[in-house]
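Remarks on the structure that follows.
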Amino acid sequence: MEKTSTTFERTLVTSALPYANGYIHLGHIAGAYLPADIYVRYLRFRGVKTLYVGGSDEHGVPITLTALKEKISPKEVIDRYHTANADAFRKLGISYDIYGRTSWPLHVDTTQQFFKVLDEGGYIHTKEMELWYSPQLERFLPDRYVKGVCPKCGYVEADGDECESCGSQYAAHELVEPRANIPGDTSSPILRKSRHWFLDLPKFGEPLNAWLDGHPEWRANVKGIAYGWANDLRSRCITRDTDWGVPIPLEDEDAVGKRIYVWFDAPIGYVTNTRQWALDTMNDEHGWEVWWKDAGTRMVHFIGKDNVPFHAVIFPAMSMGQPDYILADQVVGNEYLNIFNRQTGQSEKGSKSRGNMISVRWALENLPVDAIRYYLCAIAPESKDSDFDWDEFMNRYNGELCNVVGNFVHRCLTMTVKNFEGCVPPAGSLEDADQEMLDAISQQLEAIAESLEEFRFRQALERFIDLGRKANVYFDAMKPWVTRKTDMERTGTSLYVCCQVVKALCYAMVPFMPEGAANLAAILNLTLPENGPEGGEDAWVEAKTLLPAGSSLQTPTALFPKIDKDRIAELAEAHLRGEAF
RNA sequence: GGCGGCGUAGCUCAGUUGGUUAGAGCAGUGGAAUCAUAAUCCACCUGUCCGCGGUUCGAAUCCGUGCGCCGCUACCA
C-alpha cells in the first residue's frame, strides 16, 4: 500500500447520485452506498478529515417523461423521490455530510462554469444530428423511447438505435416503422435535425491514460472498463433537446430549447454539494475549494459498474479541463446484486417488471438496520455479481453476527456482571493463553483496518467475525463457569481478557453496525468519539487500549437478536409475491 | 460482432508478486461442554483449482486456445 488514507491530509468520498426517478433498492445499497458509508465511518473513527458527499440526480429526459405519464410536473417527480431516498439513506445510517440536489440553483452555476471553461479551452464543438421527434408531444425522444422493426432481423420491439434481439446497431433513419414508446403518444416519430454540443474526449487521451497508468491498484473490473474507453475515445454529445436541465451558457440561437445532458451535470453535483456544504456549515464561499483543488485531498468515488465510464473517463476528462481540479485517487466500482429465486433455483436480475426488487423502505420496515447492513456488506458484489438469498441471509446474520459475535458478548458480559458485581474484574497473572488472546485483539484490528484501506469490505467483515470466533475458542478453553467454583482469581482474569475483546468488538463494529456499536458502548459505559470533517483523535488506536479493571458495566441485553426462521420465511414469501418494493 | 469481469469442496468464497501435502465459513458425520441469544468448542469427511496445449526445476497463479456464466457496447441513467 504505497497510498493510504493517512498519506493524504483529507479524504473526499462520494457515492453515485441516485437518479430521482425511482426508489432506491438493496442492490444500490450493497454497491455504492453501504461500502462508502463503512469506509467513511472508518476514516472518521480514525480521525481522518473526511467529507462524504451525495445527493439526488434530478435532471434528464426520463424524469420529464415520468411527469408526462403521471400528469404532474417534473418538480413533483424529483421531490417525491428525493425525499423518499434521502429518508431511506438516513434510516439506513448512510452518514452523508450533505445529501444535495442537482436542482439546486447553485448547481446551475457550477455546471455552467464547467461548461464555459471547457468551451474556452477548445474542448467543446458542435455537430448537427438527426434525432427522433414526436409530432404529437412536440418534443425529441431518446432512442429508448422509440420502438420499431429491426432493419437487420425484423424484430418488432427493436429500440431506436439498436436491436436487443440480434444485437445489431444502426443509424436512426434505418429503423423500420418507428413508433413512440410512451403511453398516450400514438404518433409516428419523425427525424428532425438538431445542432448539439460535444465534449472532445480524444483531446484528453494522453493525460487520461497517464492517470490510469498511475493507478495499477484499482480493481480489475474498473481498470478493464476504463481502459476500454480510454483507448477508443470519441467526442460525446453533452446537450439534449429538453427544457429540464441546466441551460447552455452560450449566446446561440441553437442553444434555445436545449439543456446540458444530465450525465455531464450529475458528477458536477459532487462539487455543487460540496459548495453548499461549505456555505451551510461555515458560511464560506471558498470552503469547498480545498476539497477539490488541493493536492492533499484524496478523492474516492463509490459507484456501480454502469457508472465506471463516467467516473473513470468522462468526469476526469472534464476535470482535467478545469483549472487545478484534483482527480480521483480511487474509483471503487462494484458489480451488481442479483436476486436469488428459491422457486426456480435461479439468480435473476432485479427488475421492476419482475417485481423482485427489495426497496430500502420495505427492508427497514421489516428488518433491523444492522441485520441489513451486515448481510449486504457480507455479500457486497466487489469482484462479481452476487445474490440476495433469504436462506443465506438467515445463515449469515443469525449464524455469524448473532451466534458468534452477539452471543460471545452476551455470555462474557452476563457472567462478568453476575460474578463480579457489574464490574470488569481485575487481571491476575496472565498465562500464555491470556496474552495470546490479548495479542490477537491488536492483530485482528490491524487486519480489519488493512482490509478497509484496500476497499475489501467483505474481507474486513469476515475478519471482524474472526475475532469473535477466536474469543469463543478462548472462552471455551478457559471455562470460567468451571473455574468459578474453585479459583475466582483465574475466572476474573479470563473474564477480564474477554471484556477487552468485547471492547475491541465494540470499536471494530462502528463502521459496519453503528447501531450495535452504540448499544454496546452504552453497556460498557464508553463514549464513542464522533469526528466530523475536521478530523480528530484516532479512536482505532484507542480500541486497543485496555478497559480498566473496576469499570462498571450495565446489565447486557442481546445485541443482535436472532430473527425467527418462520419470520424470515414470511418475508421471503412476501418478497416472492412482489410485495417487497 | 467488439470489449471487460468471472469459473477453486455439496453451497458461499479466500488464495498479493509462480514455491512444500490447495484453504476458510456454512452444510454433513462423530464427540465435548452447559456460562450464554438451543448460542459454543473439538475432530473427521469431500477437490480433474472449467477443458486442452505451452513456458518453467516448479503453474490455481504466467502465455495461447476452446467452453460456460454475467455485464458493457457510447442517445438509459
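Each chain gets a letter, A, B and so on, in the order its sequence line appears, and its residues count up from 1.
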**Message:** Ignoring hydrogens and geometry beyond distance, is the side chain of A:Asp232 in donor-acceptor contact with the base of B:rA74 at under 3.5 Å?
**Reply:** yes

**Message:** Taking any heavy-atom pair under 4.0 Å as a contact, classify A:Lys223: base, sugar-phosphate, or nothing.
**Reply:** nothing

**Request:** Identify whether any heavy atom of A:Thr557 sits under 4.0 Å from a base atom; if not, whether one sits that close to sugar-phosphate; answer base, sugar-phosphate or nothing.
**Result:** nothing

**Prompt:** With sugar-phosphate meaning primed atoms plus P, OP1 and OP2, does A:Pro62 contact a base, only sugar-phosphate, or nothing at under 4.0 Å between heavy atoms?
**Reply:** sugar-phosphate

**Check: A:Asn407 side chain, B:rA36 base, donor-acceptor under 3.5 Å** = yes

**Request:** Determine the contact category for A:Ile465: base if any of its heavy atoms lies under 4.0 Å from a base atom, sugar-phosphate if only primed atoms, P, OP1 or OP2 are that close, otherwise nothing.
**Result:** nothing

**Message:** I'd like to know if the side chain of A:Thr14 pairs up with that of A:His301 as donor and acceptor (distance under 3.5 Å, no hydrogens or angles considered).
**Reply:** yes

**Item:** C1' atoms of B:rA59 and B:rG25, separation to the nearest Å
**Value:** 27 Å

**Request:** Taking only the side-chain heavy atoms of A:Glu392 (C-beta and beyond), determine which of B:rU40, B:rC13, B:rU12 contains the nearest atom.
**Result:** B:rU12

**Request:** Could you measure between the two P atoms, the one in B:rC49 and the one in B:rU61, and give it in whole Å?
**Result:** 10 Å

**Request:** Could you tell me whether A:Asp387 contacts a base, only the sugar-phosphate backbone, or nothing, with contacts defined as non-hydrogen atoms closer than 4.0 Å?
**Result:** nothing

**Fill in**
Taken to the nearest 0.5 Å, the spacing of A:Leu367 CG from A:Tyr397 OH works out to 9.0 Å

**Asked** NA contact type, A:Phe408, heavy-atom cut-off 4.0 Å: base, sugar-phosphate, or nothing?
**Response** nothing

**Message:** Pairing check on B:rA32: which nucleotide meets the Watson-Crick or G-U wobble criteria with it, both distances under 3.5 Å?
**Reply:** B:rU40

**Item:** Sugar-phosphate, base or nothing in reach of A:Lys349, heavy atoms under 4.0 Å
**Value:** sugar-phosphate

**Counterpart base for B:rG64, defined by Watson-Crick or G-U wobble contacts under 3.5 Å** = B:rC52

**Message:** Applying a 4.0 Å non-hydrogen cut-off, can you work out what A:Trp132 is touching in the nucleic acid: base, sugar-phosphate, or nothing?
**Reply:** nothing

**Request:** Using a 4.0 Å heavy-atom cut-off across all strands, classify A:Arg484 as base, sugar-phosphate, or nothing.
**Result:** nothing

**Prompt:** A:Arg236 side chain: which of B:rA74, B:rA77, B:rA36 is closest?
**Reply:** B:rA74

**Prompt:** Rounded to the nearest 0.5 Å, what separation is found between the CG atom of A:Leu233 and the CG atom of A:Asp200?
**Reply:** 9.5 Å

**Request:** Measure from the side-chain N and O atoms of A:Thr102 to the backbone N and O of A:Gly269, and report whether any donor-acceptor pair falls under 3.5 Å.
**Result:** no

**Prompt:** Contact class for A:Asp306 (heavy atom, under 4.0 Å): base, sugar-phosphate, or nothing?
**Reply:** base

**Request:** Determine the interatomic distance between C1' on B:rU65 and the same-named atom on B:rA27; round to the nearest Å.
**Result:** 37 Å

**Request:** Provide the distance between the two P atoms, one in B:rA77 and one in B:rG4, to the nearest whole Å.
**Result:** 26 Å

**Prompt:** Taking the C1' atom of each, how far is B:rA43 from B:rG5, in whole Å?
**Reply:** 40 Å

**Asked** What does A:Glu462 touch in the nucleic acid at a heavy-atom separation under 4.0 angstrom: a base, only the sugar-phosphate, or nothing?
**Response** nothing

**Asked** Just checking A:Gly60: base, sugar-phosphate only, or nothing, at a heavy-atom cut-off of under 4.0 Å?
**Response** nothing

**Message:** Taking the cut-offs as 6.0 angstrom to the six-membered ring centre and 45 degrees off its axis, would you call A:Arg396 and A:Tyr375 a cation-pi pair?
**Reply:** no

**Request:** Mind checking A:Lys305 for me? I need base, sugar-phosphate or nothing, with any heavy atom below 4.0 Å counting as a touch.
**Result:** sugar-phosphate

**Complete:** Side-chain contact check for A:Asp385: nearest option of B:rG5, B:rC70, B:rA39 is B:rC70

**Item:** Spacing of the C1' atoms in B:rU29 and B:rA9 (rounded, Å)
**Value:** 16 Å

**Message:** For A:His311, run the ring pair (Phe, Tyr, Trp, His ring centres under 6.0 Å) check against A:Tyr270, A:Trp218, A:Phe302 and tell me which one passes.
**Reply:** A:Tyr270

**Prompt:** A:Glu335 near the nucleic acid: base, sugar-phosphate alone, or nothing, with a heavy-atom cut-off under 4.0 Å?
**Reply:** nothing

**Prompt:** Looking at the side chain of A:Arg458, which of B:rA14, B:rC13, B:rA36 is the nearest nucleotide?
**Reply:** B:rC13

